[in-house]
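The chain is numbered in sequence order, starting from 1.
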Amino acid sequence: MHGNPLLILLCNMRDISFARKTNSDVLGALAREVERTKFYSTKDHSGEESTIVGFDERMLLHEEVHTKGQIHAVEKTSSVRIWYLSGDTYTNQHSSDAAKLAAAICSDLATTIFKGEAKNGFALVRPPGHHAGVSKSTGFCLHNNAAVAASAAKEMSAKKILILDWDVHHGNGTQEIFDADRSVLYISIHRFDRGKFYPPTGAADKVGVKGAKGYSVNIPWNRAGVGDCDYLSAFKHIVIPIARQFSPELTIVSAGFDAARGDPLGLCDVTPRYYAEMTSMLASICGKLLVILEGGYNLRSISASAKAVVEVLLGGDPAGVRKLEPSISGLETIREVLRHPK
């Protein structure tokens, strides 16, 4: 590997407001935190027109990601001050450009990593993407950044791509896009609460469709407060064995940090050292890792967790990880998942 050990791309268009007024605060806090880590190379794509221009034609119109109607619906919001794409997802006149830039950054990073010009990458982008499906933008997501990145890698001849989604919410858009695609293994660890947590998708028996059954794996927690012990057990008993058997050429992490300790929406209890441990375990399967920012609503939790992940991407080892046993509820979920075809 002759490329940079880590490339971080930042989407920091400061005049953009989208869904949550804290989006610029999130990116700013993350950028300041990772600046304290000596990463090899970073680029700020703020307002880079060259990345936006032609992006629709290059990737988003690829039929396995979004429909032309979905892309047009997002694009036309650029002419109005506020517009609702769904009940929970609204935009202003800058949101379309922000979404295109975020997806383009993820596409460019996937291409760069797959070509060997960088070993790993971290996309500090907003808006997030994993709820955006084939034909609908929802859940604060306009374009599906992880799906676009995977599609870019496939255009570069990647045959097997792992998308691991540890955002506290199920990535319903990502699963919809790749549900019948054997070239993409999608694994999601999320709160489900027996269908009462947003979105009400991602049950353990939703394992893919048609010839791709077993290529979608959902690990649905059924309570709040899930923490390090359950996540580590899920990785040891489900994620890593399945990923190792699949043997991906590129791993994409939909890295929401709303399962982190202190997040007011996720109400879970994952600590930075165990985000680092999960990253290290994924890196042991595939040396090419692209981490894409998804959700997270506590600046301190997001920043500390992202920094821990970056340190592992730079080659560091997680510090002080203890052997933990899963909770009773967590063990029930793991057993339920293992009953379904993989």
Side-chain angles (χ1 to χ4, degrees), residues 130 146 162-172 174-175 184-195 197 199 201-208 214-248 251-261 263 266-286 289 291-292 294-296 301 305 308-309 312 318 320-342:
H130 72 153
L162 167 63
I163 300 178
L164 187 284
D165 190 336
W166 68 41
D167 190 283
V168 78
H169 303 96
H170 177 240
N172 53 324
T174 308
Q175 180 165 353
V184 177
L185 171 63
Y186 176 68
I187 304 177
S188 177
I189 309 178
H190 53 273
R191 272 190 67 183
F192 182 60
D193 295 17
R194 295 178 173 82
F197 196 77
T201 56
D205 62 351
K206 303 304 179 183
V207 297
Y215 287 82
S216 290
V217 180
N218 287 301
I219 305 171
W221 308 127
N222 285 313
R223 65 178 180 90
V226 180
D228 297 336
C229 56
D230 291 331
Y231 274 77
L232 188 62
S233 294
F235 259 68
K236 286 183 175 180
H237 297 292
I238 301 173
V239 175
I240 297 305
I242 293 173
R244 184 172 287 117
Q245 183 178 13
F246 182 66
S247 188
T251 296
I252 298 170
V253 182
S254 278
F257 293 110
D258 40 10
R261 177 177 293 174
D263 189 274
L267 299 176
C268 288
D269 199 36
V270 182
T271 61
R273 70 175 61 179
Y274 283 88
Y275 277 117
E277 177 66 14
M278 291 188 290
T279 305
S280 179
M281 294 171 78
L282 289 172
S284 72
I285 299 297
C286 175
L289 214 61
V291 179
I292 300 174
E294 296 282 1
S301 300
S305 301
V309 169
V312 172
V321 173
R322 297 176 293 111
K323 183 178 180 180
L324 300 172
E325 297 298 327
S327 66
I328 293 175
S329 175
L331 186 58
E332 289 175 352
T333 294
I334 291 168
R335 287 173 172 169
E336 180 187 10
V337 174
L338 292 173
R339 285 198 294 267
H340 296 286
K342 308 292 179 296

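For the residue pair H340/D205, the side-chain donor-acceptor check at 3.5 Å is not satisfied. For the residue pair S188 and H170, no side-chain donor N or O sits within less than 3.5 Å of a side-chain acceptor on the partner. In summary, the side chains of H169 and D258 do present a donor paired with an acceptor at a separation below 3.5 Å, with no hydrogens or angles considered. Side chains of N218 and Q175: a donor on one and an acceptor on the other come within 3.5 Å.
In this structure, the side chains of L162 and I187 come closer than 4.5 Å at one or more pairs of heavy atoms. In this structure the side chain of V253 never reaches within 4.5 angstrom of the side chain of V309, judged on heavy atoms.
Rounded to the nearest 0.5 angstrom, M278 CE and L232 CG are separated by 8.5 Å. Note that CH2 of W166 is 6.0 Å distant from CZ of F235, once rounded to the nearest 0.5 Å. The distance from atom OG1 of T333 to atom CD1 of I189, rounded to the nearest 0.5 Å, is 11.0 Å. Remark: H190 NE2 to N172 CG distance equals 9.5 Å, nearest 0.5 Å. Expressed to the nearest 0.5 Å, how far SG of C268 lies from CZ of F257 amounts to 14.5 Å. For the atom pair CG (L164) and CG (L185), the distance works out to 9.0 Å, reported to the nearest 0.5 Å.
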Next on the checklist: As a quick check of understanding, evaluate side chain to side chain contact (heavy atoms under 4.5 Å, CB included) for V168 and D263, giving each step before the final call.
Outcome noted: CA-CA 10 Å; V168 78; D263 189 274; 5.7 Å; no
Item to check | Verdict with supporting geometry, L282 and L289, side chain to side chain contact (heavy atoms under 4.5 Å, CB included) | outcome: CA-CA 8 Å; L282 289 172; L289 214 61; 4.2 Å; yes
Checklist entry - When you look at V226 and D269, which way does the side chain to side chain contact (heavy atoms under 4.5 Å, CB included) test go after all the steps? => result CA-CA 6 Å; V226 180; D269 199 36; over 6 Å; no
Item to check | Worked verdict on I292 versus S254 for side chain to side chain contact (heavy atoms under 4.5 Å, CB included) | outcome: CA-CA 5 Å; I292 300 174; S254 278; 5.5 Å; no
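Judged by distance alone, the side chain of E325 and the main-chain N or O of C229 form no donor-acceptor pair under 3.5 Å. Judged by distance alone, with hydrogens and angles left aside, the side-chain atoms of Y275 form a donor-acceptor pair with the main-chain N or O of A260 at under 3.5 Å. Under the 3.5 Å distance criterion, the side-chain polar atoms of R191 are matched with a main-chain donor or acceptor of G266. Remark: the backbone N or O of R261 is paired with a side-chain donor or acceptor of S301 at under 3.5 angstrom. Formation of a donor-acceptor pair under 3.5 Å by the D165 side chain with backbone atoms of D167 is found in this model.
Aromatic ring pairs are classed by plane angle as parallel below 30°, tilted from 30° to 60° and perpendicular above 60°; the pair Y231 and W221 is tilted.
Sorted by first and then second residue, the salt bridge (Lys or Arg N to Asp or Glu O under 4.0 Å) pairs with a member in residues 228-243 read R223-D230; sequence neighbours excluded.
The two residues V337 and A204 come nearest to each other via the heavy atoms CG2-CB, 4.1 Å. Taking both residues in full, the closest heavy atoms of S233 and P326 are given as OG-CD, 3.3 Å, listed atom of the first, atom of the second, then distance. A pairwise comparison of heavy atoms in R194 and N222 identifies N-OD1, 2.8 Å as the closest pair. Looking at every heavy atom in both residues, F192 comes nearest to P220 through CB-CB, 3.4 Å.
Residues that satisfy the side-chain contact (heavy atoms from CB on, under 4.5 Å) test with P272, not counting sequence neighbours, are A304, S305, A308. Remark: I285 pairs with I240, A243, R244, P248 by the side-chain contact (heavy atoms from CB on, under 4.5 Å) rule, at least two apart or across chains.
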